[in-house]
Chemist: 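Sending over a structure as structure tokens; questions will come in a sec.
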There are 2 protein chains.
Amino acid sequence: MPMLVRWMGDDPVMTRQDRLGIFIRKLLSHSPLSAEDQREIRDLPYTIRRLEPNEHILREGEKAKVCPVLLQGYAYRQKTSADGGRQIVALKIPGDALDFQSLYVETADHNLQALTPVELAVFAIKDFERLVAPRPNLARAVLVDILIEASIAREWLLNIGRRNALARLAHLLCEIFYRVQQIAQEDVGGFELPLTQEQLADLLGLTPVHINRTIKILENAGAVRRISRRLTIGDMSKLRQFADFSDLYLHRNTVSGI
Amino acid sequence: MPMLVRWMGDDPVMTRQDRLGIFIRKLLSHSPLSAEDQREIRDLPYTIRRLEPNEHILREGEKAKVCPVLLQGYAYRQKTSADGGRQIVALKIPGDALDFQSLYVETADHNLQALTPVELAVFAIKDFERLVAPRPNLARAVLVDILIEASIAREWLLNIGRRNALARLAHLLCEIFYRVQQIAQEDVGGFELPLTQEQLADLLGLTPVHINRTIKILENAGAVRRISRRLTIGDMSKLRQFADFSDLYLHRNTVSGI
DNA sequence: CGGTCTCTTGACCTCTGTCAAGTAGAGTGG
DNA sequence: CCACTCTACTTGACAGAGGTCAAGAGACCG
């Protein structure tokens, strides 16, 4: 395992409550929660589930019976067109709740799968609902989480609809870096991307071959580095220039109300 | 005004409460609301605001102070890239709430503008919050509304990322037809699109010239018709074939729980 | 009836896709 | 430690969908 997961703690000393720390940190990054709110989350019963890359967490058309939160690894939402084209429509990183949607809507409209080996904390929907319903702060945190994911989807629409391959790739890398940085407890300066070029292609509406060519441009410009096959950020400011990146759409610590 | 707005009622006999009917109908299309819930909405104070095409309802970076609902006309969410590329990231039709997001998040991450001449019902955020907070059914309806918009954004990602121009355009036309049909009280068989080719281009990540070429293909196939400049559906089943369209992602009448 | 905004069309260009062959790591078994 | 295999990456030649440019034609509007 590369350093990417170091700060996610495989530490056997961690208690069950500790393991949810990353989830709480994620929620706190956009919503204020009282110490009691946090404790209530930590005290919620859950089971740990581990999946291999590309295993399904939820399938299009299904009804979810549980509420999974990503503790380790990456996951993605994916849809396919009739002619087999695959599009990844969301990328989830450690700390992200994977399926708040199923708390409120009957059937899944996309496939939810593990991208890397993942570890999930799986709550029962009933438990989660009972927790959130009477606590406005938590209900709001869930809502804000949903809204931020929607905002990211809109930025992706702009990215895929209007930016060329180079800017598109740079933009995605910037976003991942910012998001990982946000939930990491330490600096993630040189973190390594666990994405294959095929996955990058499916994220960006491009082909693997063109991703390869585009990475090389970023690499030659020094914006990105590679150790063997692993992609690493070389020069963030260069990357941002390529990307036309602004983090406004990530809504970091910009909650209204309380 | 073409038949498109006929069923939206400019009828002067309509009371203030009546005018909100289309909003309630939209909410009912995905969430059950008691008669009392509905009355509470109708009794909420609001002001009417009319805007011309492309006028801003909300600007990126701003904080909304009101909660607008679209009564007549179309509106859109839009983002631009550094090199001036414009992408429409959401299309709103009569009955749609335009900005539930601002109830929960500090700053707007996109521009919200009128596409045609529009009529808005504008609620005060405070009023709306006071209405929704103690009513779980209404809170849930707001949430489901937000989730369905997010689902549409994901389908658009697939559409723009993986479908060619022909399927892409056909898919958008199918979606608009289904959505308009859903809130219309009568059959909207031959309804006319109020979109220019440039707007279609900005919706689909294409150029106006290519939209023009693509419309002609659909027209020659009989999937679409044109009277002067106005686009009309010619043959829905053909259009669906071009589009690889399934309406699952619109989540029509598929709510979980109460 | 001139002005303006769309739409239309053709010629040409280029970004990205396709195909195909080859290379390099990572893992496995001997 | 060395084959062997599998998967991912790399590269080049070529193709094609969609973009760009530019000029002209239709609508619509005062």
Side-chain angles (χ1 to χ4, degrees), chain A residues 1-2 4 52-54 74 81 83-88 115-117 159-172 192-220 224-232 242, chain B residues 1-2 52-55 74 81 83-87 114-117 159-172 192-220 224-232 242:
Chain A
M1 277 290 139
L4 175 68
E52 291 308 303
N54 296 318
Y74 285 34
S81 61
D83 63 353
R86 175 172 98 139
Q87 179 68 41
I88 295 178
L115 187 131
T116 62
N159 205 29
I160 292 178
R162 288 301 180 202
R163 285 197 263 256
N164 64 24
L166 189 59
R168 222 186 278 186
L169 176 57
H171 193 282
L172 178 66
E192 293 164 358
L193 262 199
L195 300 168
T196 68
Q197 294 182 7
E198 190 180 0
Q199 289 162 341
L200 283 170
D202 287 339
L203 279 158
L204 295 172
L206 296 166
T207 54
V209 174
H210 203 66
I211 290 287
N212 185 290
R213 295 193 271 243
T214 310
I215 287 178
K216 216 177 308 171
I217 297 174
L218 288 178
E219 192 181 14
N220 289 339
V224 130
R225 262 186 311 228
R226 282 190 288 180
I227 313 132
S228 111
R229 285 179 171 181
R230 304 206 156 265
L231 205 58
T232 286
F242 278 116
Chain B
M1 274 292 134
E52 291 308 303
N54 297 318
E55 274 195 80
Y74 285 32
S81 61
D83 61 355
R86 174 174 99 139
Q87 179 69 40
L115 187 131
T116 62
N159 206 29
I160 292 178
R162 288 302 181 204
R163 284 197 263 257
N164 64 24
L166 190 58
R168 220 184 280 186
L169 176 57
H171 194 283
L172 178 66
E192 293 164 357
L193 261 199
L195 298 167
T196 67
Q197 294 184 7
E198 189 180 3
Q199 289 162 343
L200 283 170
D202 287 338
L203 279 158
L204 294 171
L206 295 167
T207 54
V209 172
H210 202 65
I211 290 287
N212 186 288
R213 296 192 270 243
T214 309
I215 286 179
K216 216 176 308 170
I217 298 174
L218 288 178
E219 193 180 14
N220 290 338
V224 129
R225 260 187 314 229
R226 283 188 287 180
I227 313 134
S228 111
R229 284 179 172 177
R230 302 205 159 264
L231 204 58
T232 287
F242 278 117

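Quick caveat, the model's predicted, so the values are computed rather than measured. Chain A is the first sequence line, chain B the second, and so forth, proteins listed ahead of strands; every chain is numbered from 1.
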Chemist: Under a criterion of less than 4.0 angstrom to any heavy atom of chain A, what are the 5'-terminal and 3'-terminal contacting nucleotides of DNA chain C?
Modeler: C/dT16 to C/dA26
Chemist: In a check of side-chain contact (heavy atoms from CB on, under 4.5 Å) between B/Arg226 and each of B/Thr232, B/Leu218, B/Leu231, which one passes?
Modeler: B/Leu231
Chemist: Measure the distance from CG on A/Asp83 to P on D/dA17 and round it to the nearest whole Å.
Modeler: 13 Å
Chemist: Sequence neighbours excluded, which residues qualify as side chain to side chain contact (heavy atoms under 4.5 Å, CB included) partners of A/Pro208?
Modeler: A/Glu198, A/Ala201
Chemist: State, to 0.1 Å, how close B/Tyr74 and B/Thr116 come at their nearest heavy-atom pair, and which atoms those are.
Modeler: N-OG1, 2.8 Å
Chemist: Could you give the angle between the helix axes at the two ends of the helix from C/dC1-D/dG30 to C/dG30-D/dC1, with five pairs per end, rounded to 10 degrees?
Modeler: 50°
Chemist: Please name the pair of heavy atoms, one in B/Arg230 and one in B/Leu193, separated by the smallest distance, quoted to 0.1 Å.
Modeler: NH1-O, 3.9 Å
Chemist: Locate the shortest heavy-atom distance separating A/Ile88 from A/Leu203; write the atom from each residue and the value.
Modeler: CG2-CD2, 3.3 Å
Chemist: Hey, could you give me each pair passing salt bridge (Lys or Arg N to Asp or Glu O under 4.0 Å) that has a residue in residues 199-212 of chain B? Not counting sequence neighbours.
Modeler: A/Arg162-B/Asp202, B/Arg86-B/Asp202
Chemist: What pairs with B/Glu55 under side chain to side chain donor-acceptor pair (under 3.5 Å), at least two apart in sequence or on another chain?
Modeler: none
Chemist: Taking CD from A/Gln197 and C1' from D/dA8, how many angstroms apart are they, rounded to a whole number?
Modeler: 8 Å
Chemist: Tell me, for nucleotides 18-30 of chain D in 5' to 3' order, what letter each nucleotide earns: B for a base near a protein heavy atom under 4.0 Å, S for only sugar-phosphate near one, - for neither?
Modeler: BBBB----BSS--
Chemist: Can any side-chain N or O of B/Arg163 pair as donor or acceptor with the backbone N or O of B/Arg168 at less than 3.5 Å?
Modeler: no
Chemist: Can you find a heavy atom in the side chain of B/Ile215 that is under 4.5 Å from one in the side chain of B/Leu200?
Modeler: yes
Chemist: May I ask you to decide if A/Ala167's main-chain N or O and A/Asn164's side chain share a donor-acceptor pair within less than 3.5 Å?
Modeler: yes
